[in-house]
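What follows is a set of notes on a single structure, which appears directly below.
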Amino acid sequence: MAMNEKRVAIVTGGSRGIGAAIVKRLAKDGLHVVAVARNADKLAEVVAAVVAAGGSAEVAVCDIADPKAFGDLIDGLADKHGRLDVLVNNAGITKDDLVLRMTDEAFDTVIATNLKSAFVATRAAARPMMRLKGAIGGRIINISSVSGVVGNAGQANYAASKAGLIGLSKSVAKELAKKNITCNVVAPGFIATDMTQVLPDQIKDTVKGLIPLQRFGQAEEIAGVVSFLASADASYVTGQVICVDGGMVM
Ligand code: NAP
């Protein structure tokens, strides 16, 4: 098949929350965006909104915790479009518990979904990104968390996965720089999505007190930073961790 004229981006967790905002923003920036998640109906809603706004996007239903399925998906998408320019590893889950009570299953599932998936995707994306001919090379953007930067009681599994993403990203940045591929991390603080909606009001109030800007962030405020990192303007930025958290961690 002929090469897609647009830059092609894959965004995991594109069915809602931060991922949906990233899909919409990158499509607005002129990229063709593949939105990946498990819920086909929610993905279709996001893609329909992109298309209604004049953008270009498609749905890819996949459980990213299944390495074979996810690796094959990325191979297939790179073949189908003749290119792969941007990979945003955004999908993530929490299974919070105190470390004394945390089950192996809660630890392993979070690591598989949040961290191993990013390794699998990076390995699959690197080769097509190396073949890019344009001035803007490959861009890998991993969505971590301030929990991965400073740790968080009750989130040993999640914080380990998110800290792991930072080590993975810095290593990938060093390894792939000579191939004109950058790899950076965005570490959100508290963003208003389904993930934080479930927290008790008392915790939400306590957290707000720790945020200098005194409010939760919006998904679009993460998408804006991802948009920058995917753009030509970020050509000399690699291996960095950008906290987007209203000043909570500095
Ligand atoms: P969310 O609203 O819970 O959405 C999570 C997304 O990940 C959904 O699209 C979900 O889609 C997808 N997903 C989860 N497991 C998956 C799997 N096995 N395979 C494929 N897709 C999967 O979360 P969010 O708040 O937007 O968070 C997005 C990212 O930002 C996560 O990595 C999260 O850790 C990080 N983050 C969020 C906050 C925050 O305050 N919200 C703060 C720091 C970091 P399906 O359910 O349809 O599969």
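Whatever order the structure lists ligands and atoms in, that order sets their numbers, starting from 1. Nothing here was measured: the structure is a model prediction, and the numbers come from that model. We're numbering straight along the sequence, starting at 1.
- Rounding to the nearest 0.5 Å places CG of Leu229 at 12.5 Å from CD1 of Ile140.
- For ligand 1 and Ala37, the ligand atoms under 4.0 Å from any heavy atom of the residue are 11 (O), 20 (C), 21 (N), 45 (P), 47 (O), 48 (O).
- Evaluation of the side chain to side chain donor-acceptor pair (under 3.5 Å) rule for Asn39 yields no partner, not counting sequence neighbours.
- Residues Ile181 and Leu87 share a hydrophobic cluster, clusters being chains of Ile/Leu/Val/Met/Phe/Trp/Tyr side chains in contact below 4.5 Å.
- The N/O atoms of Asn39, backbone and side chain alike, include one that comes under 3.5 Å of an N/O atom in ligand 1.
- For the residue pair His81/Glu58, the side-chain donor-acceptor check at 3.5 Å is satisfied.
- The atoms of ligand 1 that sit less than 4.0 Å from any heavy atom of Phe190 are 40 (O).
- The shortest N or O to N or O distance between Gly189 and ligand 1 is below 3.5 Å.
- Sorted by first and then second residue, the side chain to side chain donor-acceptor pair (under 3.5 Å) pairs involving residues 238-250 (not counting sequence neighbours) form an empty list.
- Contact annotation: for Ala20 versus ligand 1, there are no heavy atoms closer than 4.0 Å.
- The N/O atoms of Thr196, backbone and side chain alike, include none that comes under 3.5 Å of an N/O atom in ligand 1.
- Protein heavy atom nearest atom 18 (N) of ligand 1, with residue, atom name and distance: Asp63 OD1, 2.8 Å.
- Relative to atom 41 (N) of ligand 1, the option among Asp245, Asp41, Thr193 with the closest non-hydrogen atom is Thr193.
- Taking every heavy atom of Asp194 and a limit of under 4.0 angstrom, the matching atoms of ligand 1 come to 2 (O).
- For the pair Lys208 and Phe216, the cation-pi criterion (under 6.0 Å, within 45° of the ring axis) is fulfilled.
- Checking only distances, Thr113 never comes within under 3.5 Å of ligand 1, N or O to N or O.
- Judged purely by distance below 3.5 Å, without hydrogens or angles, the side chains of Asn89 and Thr12 never pair a donor atom with an acceptor atom.
- The pair Arg139-Asp85 does not count as a salt bridge, with every side-chain nitrogen at least 4.0 angstrom from each carboxylate oxygen.
- Considering backbone and side-chain atoms together, Pro188 places no N or O closer than 3.5 Å to any N or O of ligand 1.
- Using a 4.0 Å heavy-atom cutoff, Ser144 is listed among the residues neighbouring ligand 1.
- For atom 28 (C) of ligand 1, the closest non-hydrogen atom on the protein side is Asn90 OD1, 3.2 Å.
- When hydrogens are left out, the protein atom nearest atom 12 (C) of ligand 1 is Gly13 CA, 3.6 Å; that is the closest non-hydrogen contact.
- The side-chain heavy atoms of Phe119 and Val172, taken from C-beta on, include no pair separated by under 4.5 Å.
- Distances between N or O atoms of Ile18 and those of ligand 1 include at least one value under 3.5 Å.
- Atoms of ligand 1 found under 4.0 Å from any heavy atom of Ala91 (numbered from 1 in listed order, with element): 7 (O), 12 (C), 13 (N), 21 (N), 22 (C), 32 (O).
- At least one N or O atom of Ile64, backbone or side chain, sits closer than 3.5 Å to an N or O atom of ligand 1.
- When heavy-atom distances to ligand 1 are checked against a 4.0 Å cut-off, Ala192 has no atom that comes that close, whether in backbone or side chain.
- One hydrophobic cluster, built from ILVMFWY side chains closer than 4.5 Å, holds both Leu176 and Leu165.
- Shortest contact from atom 2 (O) of ligand 1 to any protein heavy atom: Arg16 NH1, 3.4 Å.
- Using a 4.0 Å heavy-atom cutoff, Ile143 is listed among the residues neighbouring ligand 1.
- The closest protein non-hydrogen atom to atom 33 (C) of ligand 1 is Tyr158 OH, 3.5 Å.
- Residues Leu73 and Phe70 form a side-chain contact, since some pair of their non-hydrogen atoms from C-beta on lies under 4.5 Å apart.
- Ile203 places a side-chain heavy atom less than 4.5 Å from the side chain of Pro200.
- Given atom 8 (C) of ligand 1, the protein heavy atom at minimum distance is Ser15 OG, 3.6 Å.
- Distance from atom 15 (N) of ligand 1 to its nearest protein heavy atom, with residue and atom name: Arg38 NH2, 3.2 Å.
- Here Lys42 has no heavy atoms under 4.0 Å from ligand 1, in either its backbone or its side chain.
- Taking every heavy atom of both residues into account, Asn4 and Arg83 meet most closely at O-NH1, 3.0 Å.
- Residue contacts with ligand 1 include Cys62, since one or more of its heavy atoms lies under 4.0 Å from the ligand.
- Under the 4.5 Å side-chain heavy-atom criterion for ILVMFWY residues, a single connected hydrophobic cluster contains both Ile166 and Val249.
- Below 4.0 Å from some heavy atom of Lys162 lie the following atoms of ligand 1, by number and element: 31 (C), 32 (O), 33 (C), 34 (O).
- With respect to Glu221 and Arg215, a salt bridge is recorded, a charged nitrogen being found less than 4.0 Å from a carboxylate O.
- Closest to atom 5 (C) of ligand 1, if we only count protein heavy atoms, is Gly92 O, 3.8 Å.
- Listed by number with element, the atoms of ligand 1 under 4.0 angstrom from any heavy atom of Ile93 are 14 (C), 15 (N).
- Contact detail for Ala37 and Gly14: the closest heavy-atom pair is CB-N, 4.3 Å.
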